[in-house]
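In what follows, chains carry the letters A, B, and so on, assigned in the order in which the sequence lines appear, proteins first and then strands, with residues in each chain numbered from 1.
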Amino acid sequence: MIRGEKVTLRARRPDDVEHAKRWYADPETARWLIDVGTYDVPAEPMAYGDVRLTVDDTETGTPIGTAGLSGGSPEHRHAMLFVVIGDGAYRGRGYGTDVVRTLCRFAFDDMNLAKVELEVIAGHEAALHLYEGLGFHREVHRRRALWIDGAWRDEYLMGLLAGELR
Amino acid sequence: MTYAGDLVALRAREPEDAPYLHAWQSDPETMRWWDRVYPPLPPELLAQRLASAPTPSYTEPSFILLDRATGTPIGWCGLHAVSARHRHAELAVFVGDAAYRGKGYGIDAVRTLCRFGFERMNLARVSLTVFPHNPAVRTYERAGFAHEGLQRRAFWKRGEWHDLLHMAVFPDTLR
C-alpha cells in the first residue's frame, strides 16, 4: 500500500473489475483515454516493469480509479505513468494531483527511478495543468499521433526528473 | 520480395545475413549511435533465429538493406511499434558497411522505408528518435522529418545520460 494525503494506492483485486466497468462506461473518462484496455488483475506480484494499482479514497475506502507505472527500464531508470480518476465525483478536487504526486514519490524514493514520463492528449487542459503544476515538462509534441473519435489529435510526451517534483 | 529505392533495395532477413548482422552489431562505430545495450548473439545462433524469423509483415516490417547495384547486404532497417489504430510506426535504420556511408545510401534507405510504410502499409505517420548530436539528424531533416521535441535524459549509454530528439514525417512531407 502506498499512502498519499487523500488516496491509497494498492494492488488490484478481482472485485475492482466491476468498478472499472462503470469508470470506462463514463464518456468523460473514456474521452481522454489513449488506450482502452481491459482492467487486468495481475495474478503475479507487482514488479519493476509493471506496476498496476487501484486508487482508493482513503477516508471511505471507495475505489475511485487506477494508476500505475509501466515499461520501467532498469538501464535507463524511467517508467511511464498512467492515471485515471474514474469516479466523476472525485474529479477537480485534488485527488488526481495526490495520486500523481504519490506515485512519483514512490517511483523516485522506492523504485529509484531517475525520471517519470507520461503521455497526454493535446487539448486535455485539466490534465496538462495538473502535470505542469507538479513540475512535469512538455518535452515532445507529437503531431497527428492519435486517432480518437474520428479525428487526428496531437499528443504530448511529458517528463519529470527526480528533484523536479513539486 | 524486394522493395527498391534509387540506391538501395529492401528484402526479408535470411539466415545467410547472420555474419553481416553480427559484424555490424559488434562494430563500435556502427553501434555508436545505436540503442543496443547488450552484445549480439553469435552468428550461428543468430542464423537459427533468422531461419524462423517471420517474413516482413504489418507487425514486423524488418529488412536487410542491399546495395541495389550489386545485391550486397550493407545494413538493416525496419519499422516497429506499428499501431493500426493510429496508423503510425517508428523507424530505425543503420548502414553497417562503412564503405557505403556518406554516399546517399542512408537517406535513400530512410526514404524507401517511409515510402513502404505509406504506400504499402497505409501508415499516416512515421516517427523516430535519434541522439541529438548524431549527424543523421541532418539526413532525416533532408528527408522531410520535422523536430517534435527533446526527451530529456532518456537514455543511459557509456556512463552518461543522453537526451533523445524526436522527429516525424507524414505522407505529404516526405521528400
Side-chain angles (χ1 to χ4, degrees), chain A residues 30 32-37 48-49 70-81 104 107-108 111-122 128 131-132 135-165, chain B residues 31 33-39 79-91 114 117-118 121-132 137 140-141 144-174:
Chain A
W32 299 115
L33 294 180
I34 292 174
D35 281 305
V36 187
Y48 194 88
S70 59
S73 157
E75 294 93 347
H76 310 302
R77 292 174 57 207
H78 55 60
M80 193 68 80
L81 182 145
C104 287
F108 297 135
M111 290 174 69
N112 200 11
L113 295 179
K115 189 180 184 197
V116 172
E117 298 183 328
L118 58 84
E119 291 166 331
V120 58
I121 303 171
L128 287 163
Y131 300 137
E132 288 180 334
F136 279 85
H137 294 249
R138 290 185 210 197
E139 297 184 353
V140 179
H141 180 169
R142 299 183 179 129
R143 286 164 188 85
R144 296 169 56 97
L146 302 172
W147 178 259
I148 293 180
D149 285 339
W152 290 109
R153 305 292 293 268
D154 291 5
E155 177 186 50
Y156 293 110
L157 172 67
M158 304 186 77
L160 178 83
L161 302 177
E164 292 181 333
L165 180 66
Chain B
M31 288 298 110
W33 305 111
W34 205 245
D35 61 0
R36 171 175 281 282
V37 174
Y38 303 102
L79 299 170
H80 60 280
V82 184
S83 164
R85 178 184 172 195
H86 305 300
R87 292 171 53 205
H88 164 257
E90 293 172 35
L91 174 144
C114 287
F118 295 141
M121 295 170 66
N122 200 9
L123 297 178
R125 173 187 152 93
V126 169
S127 69
L128 60 84
T129 57
V130 57
F131 291 115
V137 171
Y140 298 130
E141 288 170 346
F145 280 79
H147 292 233
E148 295 202 318
L150 198 63
Q151 186 186 5
R152 300 175 301 154
R153 284 178 66 138
F155 209 87
W156 178 260
K157 189 175 169 80
R158 301 209 183 146
E160 283 181 311
W161 290 109
H162 298 271
D163 297 341
L164 283 177
L165 178 65
H166 288 237
M167 306 181 81
V169 72
F170 300 86
D172 60 348
T173 61
L174 183 67

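Of the listed residues (Arg143(A), Arg138(A), Arg77(A)), the greatest number of heavy-atom pairs within a distance under 4.5 Å of chain B belongs to Arg143(A).
Heavy atoms only, all atoms of each residue included: Val169(B) and Phe118(B) are closest at O-CZ, 3.6 Å.
Contact of Ala124(B) with chain A is made through the side chain alone, with heavy-atom distances under 4.5 Å. For Ala145(A), the parts lying near chain B are the backbone and the side chain together; criterion is any non-hydrogen pair under 4.5 Å. With a 4.5 angstrom heavy-atom cutoff, Leu157(A) touches chain B only via side-chain atoms. For a residue to count as touching a neighbouring chain, one of its non-hydrogen atoms must lie under 4.5 Å from one of that chain's; by this rule His162(B) does not touch chain A. Looking at His141(A), the atoms closer than 4.5 Å to chain B (heavy atoms on both sides) sit in the backbone and in the side chain alike.
Within the model, atoms NE2 of His137(A) and CG of Leu150(B) stand 12.0 Å from one another, a figure rounded to the nearest 0.5 Å. Separating the CG atom in Leu161(A) from the CZ atom in Phe136(A) is a distance of 10.0 Å, to the nearest 0.5 Å. The CG atom of Leu160(A) sits 12.0 Å away from atom OH of Tyr131(A), with the distance rounded to the nearest 0.5 Å. Summarising the geometry, atom CD belonging to Glu148(B) is positioned 11.5 Å from atom OG1 belonging to Thr129(B); distances are rounded to the nearest 0.5 Å.
Checked options Phe131(B), Phe155(B), Trp156(B); the residue passing with Trp161(B) is Trp156(B) (criterion: ring pair (Phe, Tyr, Trp, His ring centres under 6.0 Å)).
Residues satisfying the side-chain contact (heavy atoms from CB on, under 4.5 Å) criterion with His88(B), sequence neighbours excluded, are His86(B), Glu90(B), Arg125(B), Ser127(B). Legend: residues meeting ring pair (Phe, Tyr, Trp, His ring centres under 6.0 Å) with Phe170(B), ordered by chain and number and at least two apart, are absent.
Interface residues of residues 115-122 of chain A toward chain B, defined by a heavy-atom distance below 4.5 Å and sorted by number: Lys115(A), Glu117(A).
Sorted by first and then second residue, the salt bridge (Lys or Arg N to Asp or Glu O under 4.0 Å) pairs involving residues 148-162 of chain A (not counting sequence neighbours) are Arg142(A)-Glu155(A).
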